[in-house]
**Student:** 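So that we are looking at the same thing, I have put the structure below in structure tokens.
Proteins get letters first, then strands, A, B, ... in listed order; numbering begins at 1 in each.
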Amino acid sequence: MSETLQAVRGMNDVLPDQAAAWQLLERAAREIFAQYGYREIRLPLLERTELFKRSIGEFTDIVEKEMYTFRDRGDDSLTLRPEATAGIVRACMSNGLLHNQRQKVWLMGPMFRYERPQKGRYRQFHQIDVEALGFPGPDVDVELILMTARLWRVLGLRGLRLHLNSLGTPASRVVYRAKLVEYFRAHAAVLDADSMRRLDGNPLRILDSKNPALAAVIAGAPLITDHLDAESAAHFATLCSQLTGAGIDFVVNPRLVRGLDYYSRTVFEWVTTDLGSQDAVCSGGRYDGLVEQLGGEAVPAIGWALGEERIVELLRLQGLARDEGGPDVYLVLAGPAAEAVGLGLAERIRDGAPGLRVETNCGGGSFKSQLKRADKSGARVAVIIGDDEASRGVAAVKALRGREAAQREVSFDELAAELGRELQAQPA
RNA sequence: GUGGACGUAGCUCAGCUGGUAGAGCUCCGGGUUGUGGUCCCGGCGGUCGUGGGUUCGAGCCCCAUCGUCCACCCCA
């Protein structure tokens with residue numbers, strides 16, 4: 001509990017008991033990405049601060065007050081990445097991956113934002129991120145959403161709802177934004193302080209307010225869906241009909257806006273009611289103008305990111321995070337002669353039956369406590385060796401879970417084959 | 001950044017109007033010279049988050065600080 005031994009605030013340890021759920025999620029995601037033909041990209045955690053200012057937007061909360069920014073020894077301003085898209089776009093540009101090419105990539109890893117920690121919100125958190133660059137859509141928009149739906153299906157997650165909206169093009173948004181500001185100014189009397197502040201910076205975000213006192217004003221506000229340019233409207237209509245055709249349920253939520261400036265047209269968000277106030281589990285959108293904005297050619301693109309901590313928590317809440325870390329076989333070594341042969345014998349079992357997980361008792365302990373450990377480990381079979389067995393070159397094989405045959409002696413030479421036959425024939 | 005609740009053993013928690021810290025689980029040993037999952041007995045384990053203050057005396061009261069949780073905010 002000493003102060004010096006604590007982890008940094010908002011940065012969590014993932015302990016062995018929790019790691020199974022993370023592996024479950026990451027393994028499922030990797031398999032799905034491979035199924036869709038998306039390839040992994042791995043990037044630095046640090047980028048030049050300028051990149052995030054120019055992509056996320058200089059006057060967003062993320063850039064204004066949430067970034068871990070510092071100067072390195074060469075006096076360059078660097079920032080720990082607060083999200084993945086900017087780095088991916090930068091990497092594709094600086095490596096020429098967008099020159100007459102299209103890219104479908106994914107990335108997973110830690111992101112950093114200096115926020116007040118809360119359930120589902122941490123200063124170091126982990127995202128799984130997917131981006132498709134060079135595709136105008138809406139077909140690829142559908143594909144990306146299908147990918148997320150498949151992930152929930154594979155994991156067995158229930159209760160996620162898809163919200164969908166279109167933000168139109170920057171040009172159409174300017175028109176809408178002006179109307180919105182005009183509307184809210186007319187109702188300035190009822191707005192709260194947060195909303196007044198947003199009125200200049202990011203008026204669309206007022207639509208997102210959770211303040212119940214504003215519900216009525218917001219409900220009466222002009223809808224962005226009524227102010228889309230023709231192309232965006234067509235894009236959105238096709239997206240919706242193809243999703244319906246693919247059997248994906250969604251709700252059109254005209255008040256869904258995103259906190260990052262680079263989004264255009266399609267935006268979506270998977271939400272849950274199980275996590276309290278941090279209810280967005282996965283969200284994404286199209287950013288057709290970003291590459292050009294960063295100095296490249298005009299390249300349409302879309303992507304999404306999910307919060308691993310939030311998904312892992314859902315897996316836990318829904319009882320889907322099973323731990324498969326336990327061994328199949330536990331070696332009990334009673335006495336010095338047994339300890340002398342134990343590790344070598346365990347190696348022979350691993351050689352002869354590579355599919356088995358074999359744990360050797362380390363650190364001694366009484367016979368009774370070794371058997372207790374064998375039981376607690378979840379192993380189905382205990383291989384018991386005392387000094388007597390060690391001198392005769394045999395082991396006692398004891399079933400720990402019922403069903404299997406009673407205890408018997410097996411010679412060291414036959415042990416691997418015997419265990420392999422017995423345990424692989426009837427998986428747990 | 002704002003508001004609120006809470007920090008006692010590795011874990012979950014009890015602890016009276018302030019009187020000098022307990023239980024269950026876990027772990028170790030024994031009951032059964034070598035047979036677990038049930039049971040019984042014993043043991044290990046705490047500067048009561050940290051630092052100050054009040055008091056004869058503080059786990060309990062006060063202040064500060066760190067952390068966790070909830071809401072706002074933000075967003076994955």
**Student:** May I ask you to decide whether Glu409(A) forms a salt bridge with Arg392(A), counting only side-chain N to carboxylate O separations under 4.0 Å?
**Tutor:**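 Looking at Arg392(A) together with Glu409(A), the answer is yes, because their closest N to O distance falls below 4.0 Å.
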**Student:** Thinking salt bridges, do Arg348(A) and Asp413(A) make one under a 4.0 Å N-O criterion?
**Tutor:**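 Answer for the salt bridge query: yes.
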**Student:** Return the value, rounded to whole Å, for the distance between atom CZ of Arg116(A) and atom P of A71(B).
**Tutor:**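 Distance check: Arg116(A) CZ to A71(B) P gives 13 Å.
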**Student:** Minimum heavy-atom separation for Ile302(A) to Gly285(A), with atom names?
**Tutor:**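 Result for this residue pair: CG1-O, 3.3 Å.
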**Student:** Tell me: OH of Tyr114(A) to C1' of C75(B), nearest whole Å?
**Tutor:**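 The distance from OH of Tyr114(A) to C1' of C75(B) comes to 17 Å, rounded to the nearest Å.
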**Student:** Roughly how far, to the nearest 0.5 Å, is CD of Gln127(A) from CG of Leu306(A)?
**Tutor:**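 Result: 8.0 Å between the selected atoms.
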**Student:** Would you mind checking if Asp141(A) and Arg286(A) are paired as a salt bridge, meaning a charged N to carboxylate O distance below 4.0 Å?
**Tutor:**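 Here Arg286(A) pairs with Asp141(A) in a salt bridge, since their nearest N and O are under 4.0 Å apart.
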**Student:** In residues 45-70 of chain A, which ones come under 4.0 Å of RNA chain B, going by heavy atoms?
**Tutor:**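 Asp61(A), Glu66(A) - these, ordered by number, are the residues of the stretch whose heavy atoms sit under 4.0 Å from the strand.
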**Student:** Is the distance from the ring center of His163(A) to that of Trp270(A) below 6.0 Å?
**Tutor:**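 No - the distance between ring centres of His163(A) and Trp270(A) does not fall below the 6.0 Å cut-off.
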**Student:** Given atom CE of Met11(A) and atom P of C66(B), what is their separation to the nearest angstrom?
**Tutor:**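 Atom CE in Met11(A) sits about 16 Å away from atom P in C66(B).
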**Student:** For the pair made of CG in Leu306(A) and C1' in C75(B), what is the distance, rounded to whole Å?
**Tutor:**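 So the CG-C1' distance, Leu306(A) to C75(B), works out to 13 Å.
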**Student:** Taking 4.0 Å as the cut-off, does a side-chain nitrogen or oxygen of Arg205(A) come that near to OP1 or OP2 on C75(B)?
**Tutor:**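 Result: yes.
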**Student:** Tyr122(A) near the nucleic acid: base, sugar-phosphate alone, or nothing, with a heavy-atom cut-off under 4.0 Å?
**Tutor:**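 Counting heavy atoms under 4.0 Å across all strands, the contact made by Tyr122(A) includes a base.
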**Student:** Using a 4.0 Å cut-off on protein heavy atoms (strictly under), produce a 5'-to-3' string for nucleotides 33-43 of chain B with B for base contact, S for backbone-only sugar-phosphate contact, and - for none.
**Tutor:** -BBBB------
**Student:** Any carboxylate oxygen within less than 4.0 angstrom of a Lys/Arg side-chain nitrogen, looking at Glu418(A) and Arg421(A)?
**Tutor:**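 Looking at Arg421(A) together with Glu418(A), the answer is yes, because their closest N to O distance falls below 4.0 Å.
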**Student:** So does Glu47(A) pair up with Arg81(A), basic N to acidic O under 4.0 Å?
**Tutor:**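 The answer is no: the pair does not qualify as a salt bridge.
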**Student:** Applying a 3.5 Å limit to both distances, which nucleotide forms a Watson-Crick or G-U wobble pair with G3(B)?
**Tutor:**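 Base partner found: C70(B).
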**Student:** Shortest non-hydrogen contact from Val89(A) to Tyr287(A)?
**Tutor:**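 Closest pair (atom of Val89(A), atom of Tyr287(A), distance): CG2-CE1, 3.7 Å.
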**Student:** Check if the side chain of Arg121(A) and the base of C70(B) share a donor-acceptor pair of N or O atoms closer than 3.5 Å.
**Tutor:**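 Result: no qualifying N/O pair found.
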**Student:** Among residues 278-289 of chain A, which ones have heavy-atom contacts with RNA chain B below 4.0 Å?
**Tutor:**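 Result for residues 278-289 of chain A: Gln278(A), Ala280(A), Val281(A), Cys282(A), Ser283(A), sorted by number.
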**Student:** I'd like to know if Lys179(A) and Glu182(A) make a salt bridge, using a cut-off of under 4.0 Å between side-chain N and carboxylate O.
**Tutor:**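 No, no charged N to carboxylate O under 4.0 Å.
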**Student:** Looking at every strand, decide which applies to Ala305(A) at a 4.0 Å heavy-atom threshold: base, sugar-phosphate, or nothing.
**Tutor:**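 It contacts sugar-phosphate atoms only.
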**Student:** Taking 4.0 angstrom as the limit, do Glu50(A) and Arg90(A) come out as a salt bridge?
**Tutor:**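 Judged by the 4.0 Å cut-off on N to carboxylate O distance, Glu50(A) and Arg90(A) do not form a salt bridge.
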**Student:** Calculate the interatomic distance between Lys210(A) atom NZ and G3(B) atom C1'; express it in whole Å.
**Tutor:**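 Whole-Å distance recorded here is 16 Å.
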**Student:** Across the strands shown, which category fits Gly276(A) at heavy-atom distances under 4.0 angstrom: base, sugar-phosphate, nothing?
**Tutor:**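 Result for Gly276(A) = sugar-phosphate.
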**Student:** Grab the CD-C1' distance between Gln118(A) and C6(B) for me, whole Å please.
**Tutor:**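 In whole Å, C6(B) C1' lies 15 Å from Gln118(A) CD.
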**Student:** Rounded to the Å, how far apart are His126(A) NE2 and C75(B) C1'?
**Tutor:**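 Roughly 17 Å, once rounded to whole Å.
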**Student:** Mapping Gly365(A) and Asn211(A) to their closest nucleotides on RNA chain B, which lands nearer the 5' end?
**Tutor:**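 Closest to the 5' end, via its nearest nucleotide, is Gly365(A).
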**Student:** Map Arg9(A) and Gly364(A) onto RNA chain B by nearest heavy atom, then report which one ends up closer to the 5' terminus.
**Tutor:**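 Its nearest nucleotide lies further toward 5', so the answer is Gly364(A).
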**Student:** Look at Ser369(A) and G29(B) and indicate whether a side-chain polar atom (N or O) is within less than 4.0 Å of OP1 or OP2.
**Tutor:**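 Checking Ser369(A) against G29(B): at least one side-chain N or O falls below 4.0 Å of OP1 or OP2.
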**Student:** Decide if atom CZ of Arg48(A) counts as having more than 12 heavy atoms of other residues, nucleotides or ligands within a radius under 6.0 Å.
**Tutor:**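 Incorrect, the count does not exceed 12.
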**Student:** Would you kindly give the CG-to-C1' distance between Asn361(A) and C27(B), to the nearest whole Å?
**Tutor:**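 Distance check: Asn361(A) CG to C27(B) C1' gives 14 Å.
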**Student:** Does Gly363(A) reach a base, just sugar-phosphate, or nothing at all? Heavy atoms under 4.0 Å.
**Tutor:**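 Counting heavy atoms under 4.0 Å across all strands, no contact is made by Gly363(A).
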**Student:** Could you point out which residue of Gln103(A), Glu143(A), Glu131(A) forms a side-chain hydrogen bond (donor to acceptor under 3.5 Å, both in side chains) with Tyr38(A)?
**Tutor:**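 Answer after filtering Gln103(A), Glu143(A), Glu131(A): Glu143(A).
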